[in-house]
Structures are given as structure tokens and as C-alpha cells.
Chemist: 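Okay, handing you the structure first.
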Number of protein chains: 2
Amino acid sequence: MSAIRHALNTRRADDFSAWYQEVISAADMAEESGVRGCMVIKPWGYGIWERIQRLMDDRIKAAGVQNCYFPIFIPLSNFTREAEHVEGFAKEMAVVTHHRLIADGKGGLVPDPAAKLEEPLVVRPTSETIIGDAMARWVQSWRDLPLLTNQWANVVRWEMRTRMFLRTSEFLWQEGHTAHADRADALKETHRALEMYRACAEDDLALPVIAGEKPENERFPGAVETWSIEAMMQDGKALQAGTSHYLGTNFAHAAGIQYQDKEGGQQFCHTTSWGVSTRLIGGIIMTHGDDDGLRVPPKIAPHQIVIIPMLREAPEDEALIEYCQEVVDMFASIPLTAFGERIRILLDKSPGKAAAKRWDWVRKGAPIIVEVGPRDMAEGKLAMLRRDALWNADNGKPAFQFLSREGFSSQAPSLLEKIQQSLFVDARDRRDAQITRGVTSLDEVAAHFADSQKYPGWVEVQWSKPTGEALEKVVEQLKALKLTVRNVPRDSAPADGTCIFTGAPAVERILVARAY
Amino acid sequence: MSAIRHALNTRRADDFSAWYQEVISAADMAEESGVRGCMVIKPWGYGIWERIQRLMDDRIKAAGVQNCYFPIFIPLSNFTREAEHVEGFAKEMAVVTHHRLIADGKGGLVPDPAAKLEEPLVVRPTSETIIGDAMARWVQSWRDLPLLTNQWANVVRWEMRTRMFLRTSEFLWQEGHTAHADRADALKETHRALEMYRACAEDDLALPVIAGEKPENERFPGAVETWSIEAMMQDGKALQAGTSHYLGTNFAHAAGIQYQDKEGGQQFCHTTSWGVSTRLIGGIIMTHGDDDGLRVPPKIAPHQIVIIPMLREAPEDEALIEYCQEVVDMFASIPLTAFGERIRILLDKSPGKAAAKRWDWVRKGAPIIVEVGPRDMAEGKLAMLRRDALWNADNGKPAFQFLSREGFSSQAPSLLEKIQQSLFVDARDRRDAQITRGVTSLDEVAAHFADSQKYPGWVEVQWSKPTGEALEKVVEQLKALKLTVRNVPRDSAPADGTCIFTGAPAVERILVARAY
């Protein structure tokens, strides 16, 4: 077996965190902007986000939820109306205090003291309070319910320690906000959104997730129940990849969202909110990336197939480009993929050596990379690389397959489907192998995370669902081990043991883990 | 001829401005948010924006421009680097000065004095300066050029007098930003974007526009050339519907966007920027709206066909809904429309009387409205209304056409195409009839706007293209008549007369008008 020369400098096993940064840079996905905590999302990163948006938006619309757009600015007083919400959020936020600049007399500019706002405006960290105001206007009668809205927007939370995609001061997301006549209908929506996130994560992003309820201490500020999908990164840490909240009537009371019921009485609505963000892209990197860079699941790849002609800046280039263009054209007439779309295919005619371009696309993680040289053309063939099976283990060389153009175009749709499936199955199996069950004491948990292999994964334990101070004590005990409760898996077996924290009979199973 | 009872309270001819506000409200497109100068865009308004985005984005991508995302916050110092830009923009902007809130001890919150930013951040009014920073990092060599980027984003300009869609403190837009090796290539891009806007406005939005160059005094701050598309509203006023700027090397000097040319020398890039915004929706309302509400061109209608079953909250409703659903299903199998899409069809099963719902959809401007009652069902028929030909002039009643389901579904695709075309042709002919040519003196211009019909439209005159102080004088003269120069039409005939302002030989033709 020969040594394989990988396309990145850093290997996951050596320094996972440095590897993550290198992937983002090597795949040209994003970069620091120079503005504190804000990133620039570059075309390959943004292209992936556009695909996620499109697929998630289709699911959102299919559920009858309608997109709107609400103001980016929220008056300060909105935040003081819902006590728990302000506790949880009214800390690190960007505050607009002035609406004009004037010259400072030294060639610079300063906020104009004469243009100070009477009431400062907060750049939205989330929009429950401002959308609550709108709901209070829109909901009058039971006929107006359920009210199902969503917006795609930027939000700002002033983060002290940022990491690209995972935690940035500004990020992009969607936030669904709905109002319902009663608890049952609102809970149904909370679970519909959760299930939508699970399906989109697993079926579109090839990201295996565990859906479940967050413990009380991890609830969204002002929520009655918070549910999440949790994904396992390759270093065994958890990433909260989406949340769905049942807000009870808390925000309805704060904003006055009331309706007249069928009997003529006034009732407060039960509301929900749910969101996923550009954080998902961080999850995709840490789930599907390898020592050669990113691997993008075909459904969300901006280009699913990249064709690289081996150009020599010579007159023969023209025929070669034409030969490649004919391959592209073949895809215009073949049936849609199993994903219901035309294949997204790029003919990369940019200047530069074909081998260098190949490695660029490997690092970016295009699912299928095709190279065509003059000899391939003469033989009516092309050379294909599967990004998810890049190396020939026997000789440490790229595992090119030589195919006729017709053979390639006819098998590409099903191949993309196989790659999508293969990325998912690999990630799911890896995750499942890293969940340790049957741990029955906190000491065992501590030992597992202290002694086990470098990436200890997640541990499932049973607990008595403590609340209040008892929960705080548990949180502290876990914190000492750098652990948190991720969630109470929706689909887990019933409890059958004792609580590892209190020794009382357990009521449910929870996952504890280190997390991003 | 009977009197027609229109679906709005206000008629265009009585109070165009009040009519505009009523359409927005009656079509449920947007509303004031309670946050100064910011609006809430509701599902029907946002759905139109989503369609505009999709169609414009396809055109942007087809031109090889790549979407990115840049920070919403721009450090204050960025604005002082380009002198003209700061002159034009550094006035009314939202300024973030603090990054934390604390309790004020009276139950409220205040910006934390301990969390004052060292350098205030401006909420982007436009992104030339922050994208310039990125371009300076990304462009090294001639091989990196042209660099073609775009972003879809929200921007904030603190407006004192706002009007929904037309002028709001926050609005949504796309902004293209490109860097080129030389003037010729940058100008080519400036014109490509301008032509893209013209094509999208006319072919997708059915909005006839005149593309041309803005005079010096109307240039974007820091631009060398500013081009616009100008649309005529039904009150004869002009709406600037999109702009494309050639920025010379001004922003490249300010941000240091340089490249090494083929000979090894260092050169500054020539940059462009171009944008359209949610303002287009205001243009659509004032171009296509009538005394019954909005009329949405089919290509950008969230629903192109709305089917309303005449429900009676009775057991028979089920069969009627099924009958209507079968119509919907017919459209799943028929060919794509001439627009290359599946027809967007809604079966409106919401509660309420069919007639009330019909008028709701008339006010919203769905291109085709279908009603189905039990008798229609018994006859295998349906009743169709074309929103662009709503009234039977003979009897003042809605002009229903009774069709078989098969007849309807087979003709609907071409009918949508006809409606799209008809809205465009009507608007173009109306505009052309309201452009007055052959006016040869400023007195005649003054008389035209003083004496002519209520909606005087635009006047074409010839001028000697004054600059500097001479132009300022012209601007003042026009301002006294409440007029501005809209643009120098790209496709107009050569000048052949004398300048109406100076008497000197004219060098070009310009359009003067009142404007939004």
C-alpha cells in the first residue's frame, strides 16, 4: 500500500479545529471580513446555502407556511415585555443609537449628537417580539388561525468568540413563526417543523440527526418546550443543527395576540418558532469533509459534476472544449435525477493546469469530477473521479474510471443518488458507532470521557428529568466534565433504570456530549 | 352602458396617491410595521418579490455573476476613504454604537456605556466600500479578472419621508459589484447589467422602461457614469427602477483594488455596481393597477390561477372540492408554459363566501380567477375571469367565460402568455402616448406642465449637455417647475436642434419629468 498524498495540509486526526478552518479556506467557502465577528460568504459557500434554502423553502411552502419580511430593527421596549426572553437575549446585541453622521473636523465622521434616536433600536437577534406585534394586528378571530409565517433573514448576536459558520455575529437563517388557537395545534406545528428539519437534514444534506427535546435549562428564552435536531461531528462533538420551540402563550401575552373563539370569547394564541441557519454549513463540513477537503452531498452541491478539459493554450483546445460541451449538452436531454432536478454541471474552462484545477475541485468537494485530455477525446472517452471514493487504495493514486461519454451520461444520475446515499450512510454508521449506551453512573460517564479514545462521542444515560435547582446541580456536574445534555431523543426506548444523578427511578433517556 | 362598481374605494383619477396606498392595503401586500420607516412585507407582496428575485437571479447567474454575502455592518472609516461617496451618503444612516444592553433600574433597558464600540458601525446603505475591501484581497493578477459578484440583501437609508415600497428606511435589493482590468471591460459590464434590467423589467415584469444615462448631477456618489431604467407610472410621473454605475477607478483607489497586468505592472481595477430593489413592486402597482386593485403580470404572480369553489359548509362541498382538485391536477401533466414553468395554481378552500373571495383575488390581481359552483360542476364546466379584462362593458358585470375543464386547462398556458403581453403593450402604449416631443423652449416645457392635462407625462427636449455650474443652473430652472432630468435615452435619435437652456447647438436628447 502506498502512502496517499492528501489535498490538505492538516489532517482531521491531527488537529480537527485547524482542519476545519483549512477546509473553509481551501474550498474557498468563506473568510473573515475584517468587521468584528462577521464573515464574507464566498460563492461556493453561498451556493451551498442557496441550495439548502431552496430545498428547505420548498418544504416550508408545502406545509402551507407563507414567507414574509419583517423589519431588521426592533424597538428596545419590545425586549422588556417578555421577561424570560429579555433575560436570555438582552445582553450582547447591536444597538443603533443615531441616524446620522457628521464630519468630526479631522477628516473623519462621527454619529451626529443632534440625531440621537429617542428610543434605541436593536438589530434583530431573532424576531419573536416584532412578529408578535404583527400577529397581534393580523389575528382577530379563530378564522385567522393557524397563522403560519416564515422569513429568510440576517440576524445579529454579538458573539465574543466566533468561528466561521458555527458562531458569527451576523448570520443568515430562516425563522418560522406561527400562531394557533390552542396548545394541541401549536404542539403539532412544533413537531411538524422538527420533523421537517430532520427530513431536510437527513434527505437533503445527508446529515444524520437525532430529534428530541432539550432539557429545561437549554430552552429558548421564553419557550415552554424547545426541541432540536442534533448532529454528530467527526470529532464526536454534537452540533445543534435546528430548533423548534413551543412558546405557550408567553409571547402572545407580551404582544397581545388574541382571538375571538367560536363562542365569542377572547383567547390568547399559542405560538411557535423554529429556525435553521448557515450553521448547517459548518455541520456539513464537519460531517462530510475528509483529509482532502469538503465533500458536498449532490443534492446541495452548486455543481454536481465538473468537467475539466486538459487545455494547453493551443489551437487543439477548441476541439477539446467542443467535445466536453457535447457531454454537457447530453445532460440537457436526459431525464431528471432521482432528486427531481436537472443535473447541475459545470464546464470549467478557466485558465490553469488541469491537475491544479482537479485538486481545487477535490477540495471544494464537487461530487463528480471529470477530466478530458486529447487522448480521451480520440478514444471517445473521459476520466471520472468520484469525490466520495477518491483514492485507489492499492496504489495511492486518484481512482479514475475511464468511461464512454454515453456511458457516463447515462449512469451519472443514479451515481449522484448513490453518492448522496453513501455520504448519509457513512455518517450515520459512524455516529451510531460513537454513541455509547448502557452507562449507569456519572463516574462511568466521567471515565468514558477521560479515558476513552480521542473522540468519545455521545453517551446515552437515564435520568429522572430533574427540574429547577436539582437540574442546575446536574448541569454543574456535567459542566465540570465539559458536557451538556443534548436532548431527550424523540424515538428512544422507554427508561428502565435509575437516574445516574439522583438514583431515583429514571423517566427518560438523554444524550450527553461535548458540543459546538 | 351601466355603471361599473369598482372593487376599491378610491379611483386613480380622483387621488392617485391615496389609490396607491389603498391597493397595497386591499391587496394585502405590506403594511407599516410601527418601526420608523420600516414596513412589513406580507405574503402576497413578498411572493411577488420572490418571483422577481428568481427571474432576476437566473439572469444574473446566466451572465456568470456569482452570489456572495457580505457583512451588514460597515466600519465608519470605510466611508471616509472615497470623498464623493461620503459626501453623497454619509448623512442619514443607522449607526450602531453599542453592543450590549443593561437594565436601567426602572424595568427598562439601555445601551451599556461599558459596551461602547471603539469604532461605530454603519448599517450598510450600499456595499461598495465593504465589497471593495474584499475585492482588494481577492484580486491579485489579471487572471482574477473580471471579478463578478452579486448579493441579495437588506440595506438601510434613514429616510425622513417614506412611502411603502417606493422609499423605506430598510429595503431589500440585489447589488452587483464587479472589477475589471480596464475601462472598456467595466463599461461593457455596466451596459450588460443595464440591458439585463431592461429585459427583466419588460419581459418579466411587463414594465416598459427607457434605458439611458443619468446627467452628472444625478450620478451615484463616486460614480463616473450612472445609467438607469425609467418607468412611467399611470400618473405620468417617472420611477427610477434600476441603476447601473461605472465607478472608474475611484473605489479601487479608495480600497486598493489592484492587479498585476500581463507585463508585471500594477494597475488599479475599474469597478461597476448595479442594483434593483423592492421599489420595483411600487412600479408594478402604479403601472398595472386599476380601479379594482392590483393586476400582477403572470410571470411574477405567486398564483397565476386561483380556483374558488362555491362552498356552502354542506356535505356537497366535498364533491365540489374534488371536482376543482381535478382541474388542478390537469395542470400537473400539461406542458410547461411559454415562460418555461409549471403553472402556479391555487385551490382556495379557505372559509368565506365565494363572491367575497373573488373580490379579494381581484384586488390582489391574480391573473386568472375561476369560480365553480354546483351547477358548473353538473355541466362539467367552470366560470373564468381574466383579471386584465374584468368587466363586461355592455352590462357592467364581471365578464365570466364559461368553459369546460378541458377547454380551460388547454388554453390557460397561452392565455397567461397573452395576459402578460397585453399588460406590457397597454403600459407601453400609454407611456408612449404621454411622451411629448418637439418641445423647443423652456417656456414651452413650463406651459406643458402648467396647462396640460392632469397627468402631463414626460417631455423630450434637446440640450447641450451642460456640466458644472451651467448644469446646476439648469437643475435649478427645472426644480422650479418640479421637474428633473430622468435620463439621456440610450436609443434616442441624434440631436438636431438647439439646447433649450443655453441656445447652443444641442448634443443629445433628454427626458424631463416629475418623478417619485
Side-chain angles (χ1 to χ4, degrees), chain A residues 31 33-36 38-43 46-47 49-50 66-77 79-80 86 90-103 107-111 115 120-123 130 133-134 137 143 149 151 153-154 156 158 169-170 172 351-352, chain B residues 31 33-36 38-43 46-47 49-50 66-77 79-80 86 90-103 107-111 115 120-123 130 133-134 137 143 149 151 153-154 156 158 169-170 172 351-352:
Chain A
E31 67 184 23
S33 67
V35 181
R36 215 201 128 288
C38 297
M39 63 177 174
V40 174
I41 309 180
K42 301 181 79 174
Y46 197 79
W49 179 239
E50 285 182 311
Q66 294 189 300
N67 286 340
C68 300
Y69 188 77
F70 297 90
I72 187 171
F73 296 130
I74 303 181
L76 200 49
S77 56
F79 282 91
T80 55
V86 67
K91 286 169 184 158
E92 298 297 333
M93 300 195 280
V95 190
V96 176
T97 55
H98 293 73
H99 67 81
R100 191 185 302 131
L101 299 171
I102 52 164
L109 293 164
V110 288
L121 297 171
V122 172
V123 181
I130 194 90
D133 285 352
R137 294 191 297 269
R143 285 187 193 81
T149 67
Q151 81 171 347
N154 53 345
V156 172
W158 206 266
S169 289
E170 181 190 18
L172 305 180
Chain B
E31 67 185 21
S33 66
V35 181
R36 217 202 126 287
C38 296
M39 64 179 174
V40 174
I41 309 180
K42 301 181 79 173
Y46 197 79
W49 179 239
E50 286 183 310
Q66 295 189 298
N67 285 341
C68 299
Y69 188 76
F70 297 91
I72 188 173
F73 296 131
I74 303 182
L76 200 49
S77 56
F79 281 90
T80 55
V86 69
K91 285 170 185 157
E92 298 298 334
M93 299 195 280
V95 190
V96 176
T97 55
H98 293 74
H99 66 81
R100 190 186 304 134
L101 298 171
I102 51 165
L109 293 165
V110 287
L121 297 171
V122 172
V123 181
I130 193 89
D133 285 352
R137 294 191 297 269
R143 284 187 194 82
T149 67
Q151 81 171 349
N154 53 344
V156 172
W158 206 266
S169 289
E170 182 189 17
L172 305 180

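Computed from a predicted structure; not experimentally measured. To find a chain, count down the sequence lines: A is the first, B the second, and so on, and within it residues start at 1.
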Chemist: Give me the one residue out of Val96(B), Leu101(B), Leu109(B) that meets side-chain contact (heavy atoms from CB on, under 4.5 Å) with Met93(A).
Modeler: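 With Met93(A) as partner, Val96(B), Leu101(B), Leu109(B) yield a single side-chain contact (heavy atoms from CB on, under 4.5 Å), made by Leu101(B).
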Chemist: What part of Val110(A) lies closer than 4.5 angstrom to a heavy atom of chain B: side chain, backbone, both or neither?
Modeler: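 It is the backbone, since no side chain atom gets that close.
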Chemist: Can you tell which part of Glu50(A) gets under 4.5 Å to a heavy atom of chain B, answering side chain, backbone, both or neither?
Modeler: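 Side chain only.
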Chemist: Could you check Val40(A) against Asp133(B) for side-chain contact (heavy atoms from CB on, under 4.5 Å), going step by step and ending with a plain yes or no?
Modeler: CA-CA 11 Å; Val40(A) 174; Asp133(B) 285 352; over 6 Å; no
Chemist: Of the listed residues (Glu31(A), His99(A), Met39(A)), which shares the most heavy-atom pairs with chain B below a 4.5 Å separation?
Modeler: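 Most heavy-atom pairs within the cutoff with chain B belong to His99(A).
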Chemist: Taking every heavy-atom pair that is under 4.5 Å apart, which of Arg143(A), Gln151(A), His98(A) has the most such pairs with chain B?
Modeler: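 Answer, by heavy-atom pair count under 4.5 Å with chain B: His98(A).
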Chemist: Name the region of Arg36(A), side chain, backbone, both or neither, that has any atom closer than 4.5 Å to a heavy atom of chain B.
Modeler: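 Arg36(A) has no heavy atom closer than 4.5 Å to chain B.
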Chemist: With a 4.5 Å cut-off on heavy-atom pairs, point out which of Cys38(B), Pro71(B), Gly47(B) contacts chain A the most.
Modeler: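 Looking at each of Cys38(B), Pro71(B), Gly47(B) in turn, Pro71(B) comes out on top.
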Chemist: Of all the heavy-atom pairs spanning Pro111(B) and Thr97(A), show the shortest one and how long it is.
Modeler: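 Taking every non-hydrogen atom into account, CG-CG2, 4.1 Å.
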Chemist: Please rank Leu121(A), Val95(A), Val123(A) by heavy-atom pairs under 4.5 Å with chain B and give me the top one.
Modeler: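 Looking at each of Leu121(A), Val95(A), Val123(A) in turn, Val95(A) comes out on top.
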Chemist: Is Val156(B) close to chain A through its backbone or its side chain, or both, or neither, when contacts mean heavy atoms under 4.5 Å?
Modeler: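 Side chain only.
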Chemist: Could you tell me how the ring of Trp158(B) sits relative to the ring of Phe73(A): parallel (under 30°), tilted (30 to 60°) or perpendicular (over 60°)?
Modeler: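 If you compare the ring of Trp158(B) with that of Phe73(A), the planes turn out tilted.
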Chemist: Using a cut-off of under 4.5 Å for heavy-atom pairs, which of Thr80(B), Ile72(B), Val122(B) has the most such pairs with chain A?
Modeler: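 Heavy-atom pairs under 4.5 Å are most numerous for Ile72(B).
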Chemist: Can you tell me which portion of Asn67(B) sits under 4.5 Å from chain A's heavy atoms? Options are side chain, backbone, both or neither.
Modeler: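 Both backbone and side chain of Asn67(B) come within 4.5 Å of chain A.
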Chemist: So, for Arg137(B) and Ser33(A), which heavy atoms are closest and what is the spacing to 0.1 Å?
Modeler: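 For Arg137(B) and Ser33(A), the tightest heavy-atom pair comes out as NH1-O, 3.7 Å.
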